[in-house]
Amino acid sequence: YNPEDDEGTDDAKVIHPKSDDQRQRLMEAVKNCLLFRSLDSEQLNDVLDAMFERKAEPGETVITQGADGDNFYVIDSGLYGVFVKANGDMKQVMTYDNKGSFGELALLYNMPRAATVKAETAGSLWAMDRQTFRKIVLRNAYQ
């Protein structure tokens, strides 16, 4: 993504409709996210509009180490184990407990996923696709 390529363009904003309750939950989930702290209120609203809810089932793999990054995730609810394969063994390195975010490294740096994240319980995630994430976050970084 090169922010100079879209100067002056009027790209349609990505908007996933949300109820007032969903928007409030999402605002709570993203308020401590380091990536969004420097955004102004308009940019933050663009982030909230662009995110969509994704339900996770126990045992479901949300992202896989080595895969291409498709979405960035902010946790609304649930437990998620983070696993890294090293020397042929899959080792759990941390657990997200009803808060946190993951998946940004693959999107920021256009690299394969650095870890596997699996849902340990049923949960809810907020997701943003790669193109929208890069446009909002990287455009802000260049300003």
Side-chain angles (χ1 to χ4, degrees), residues 1-86 90-143:
Y1 174 76
N2 181 352
E4 293 177 3
D5 290 346
D6 66 9
E7 285 301 313
T9 61
D10 225 8
D11 292 337
K13 291 183 179 180
V14 175
I15 298 176
H16 294 279
K18 293 164 192 66
S19 68
D20 290 342
D21 175 62
Q22 286 176 312
R23 197 166 184 86
Q24 186 60 42
R25 288 185 359 243
L26 178 53
M27 180 63 94
E28 283 298 310
V30 302
K31 75 178 183 184
N32 293 318
C33 190
L34 183 63
L35 285 170
F36 301 140
R37 284 198 185 144
S38 64
L39 300 182
D40 63 30
S41 60
E42 182 181 347
Q43 292 165 322
L44 187 57
N45 276 322
D46 289 346
V47 167
L48 299 181
D49 286 343
M51 297 194 90
F52 56 94
E53 194 167 19
R54 180 190 186 290
K55 299 293 186 185
E57 299 298 323
E60 178 183 351
T61 299
V62 180
I63 64 173
T64 302
Q65 183 175 350
D68 288 336
D70 53 354
N71 294 311
F72 165 69
Y73 297 96
V74 176
I75 296 167
D76 184 27
S77 65
L79 295 176
Y80 300 86
V82 180
F83 301 85
V84 174
K85 189 173 190 172
M90 194 65 100
K91 180 178 179 185
Q92 186 163 356
V93 294
M94 70 173 289
T95 301
Y96 287 108
D97 186 354
N98 289 290
K99 64 182 177 182
S101 60
F102 57 89
E104 72 279 6
L105 294 177
L107 303 187
L108 281 170
Y109 303 111
N110 208 19
M111 305 270 295
R113 296 288 192 191
T116 294
V117 176
K118 293 183 181 181
E120 295 179 0
T121 63
S124 180
L125 300 160
W126 292 103
M128 182 188 302
D129 70 82
R130 170 198 288 270
Q131 186 173 2
T132 305
F133 175 87
R134 291 178 63 84
K135 187 174 289 182
I136 293 172
V137 174
L138 294 180
R139 181 184 291 163
N140 175 62
Y142 281 95
Q143 289 179 343

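Numbers here simply count residues along the sequence, with the first being 1.
For Asp20, the salt bridge (charged side-chain N to carboxylate O under 4.0 Å, His left out) test picks out no residue, with sequence neighbours left out. With sequence neighbours left out, Gln65 forms a side-chain hydrogen bond (donor to acceptor under 3.5 Å, both in side chains) with no residue at all. The salt bridge (charged side-chain N to carboxylate O under 4.0 Å, His left out) search around Arg113 returns Asp70, not counting sequence neighbours.
Taking CD1 of Ile63 as the reference point, atom OH of Tyr73 lies at 7.5 Å (rounded to 0.5 Å). Remark: Phe52 CZ to Arg54 CZ distance equals 8.0 Å, nearest 0.5 Å. Rounded to the nearest 0.5 Å, atoms NZ (Lys55) and CD (Glu57) are 9.5 Å apart. Note that CG of Asp76 and CD of Gln22 are 9.0 Å apart. Values are rounded to the nearest 0.5 Å. Atom OH of Tyr96 and atom OG of Ser77 lie 15.5 Å apart (nearest 0.5 Å). Note that the CZ atom of Phe83 and the NZ atom of Lys91 stand 12.0 Å from one another [nearest 0.5 Å].
Within a 6.0 Å radius of CE in Met111, no more than 12 heavy atoms belonging to other residues, nucleotides or ligands are found. Annotation: Asn98, atom CG; neighbour count of heavy atoms from other residues, nucleotides and ligands within 6.0 Å is above 12.
With a 4.5 Å cut-off on side-chain heavy atoms, Met27 and Leu48 count as touching. Counting heavy atoms from C-beta on, the side chains of Leu108 and Leu35 come closer than 4.5 Å.
Under the 3.5 Å distance criterion, with hydrogens and angles disregarded, a donor-acceptor pair is assigned to the side chains of Thr95 and Gln92.
Side-chain atoms of Lys18 come within 3.5 Å of backbone atoms of Met51 as a donor-acceptor pair (strictly under, hydrogens ignored). Under a 3.5 Å cut-off, the side chain of Gln24 and the backbone N or O of Asp21 do not form any donor-acceptor pair.
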Item checked: Val82 vs Phe102, side-chain contact (heavy atoms from CB on, under 4.5 Å): CA-CA, chis, key distance, verdict -> CA-CA 10 Å; Val82 180; Phe102 57 89; over 6 Å; no

Note to self: If you apply the rule salt bridge (charged side-chain N to carboxylate O under 4.0 Å, His left out), what do you find for Asp49 with Arg23, and how did you get there?
What the structure shows: CA-CA 9 Å; Asp49 286 343; Arg23 197 166 184 86; 3.0 Å; yes

Check: What do the steps show when you test Lys13 against Asp46 for side-chain contact (heavy atoms from CB on, under 4.5 Å), and what is the final call?
Finding: CA-CA 7 Å; Lys13 291 183 179 180; Asp46 289 346; 3.1 Å; yes

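Scanning all heavy atoms of the two residues, the minimum distance from Leu44 to Leu39 falls at N-CB, 4.1 Å. Nearest heavy atoms, Ala50 versus Thr132: CB-CG2, 3.4 Å. Nearest heavy-atom pair, Arg25 versus Trp126, reported as atom, atom and distance to 0.1 Å: NH2-CZ2, 3.8 Å. Shown here for Gly78 and Thr121, the closest heavy-atom pair between the two residues is CA-OG1, 3.4 Å. Contact between Leu107 and Asn71 at its shortest, heavy atoms only, is CD1-C, 3.7 Å. Closest of all the heavy-atom pairs between Ala106 and Arg130 is O-NH1, 4.1 Å.
The aromatic rings of Phe72 and Phe36 sit perpendicular, their planes meeting at an angle over 60°, well past the 30° parallel limit.
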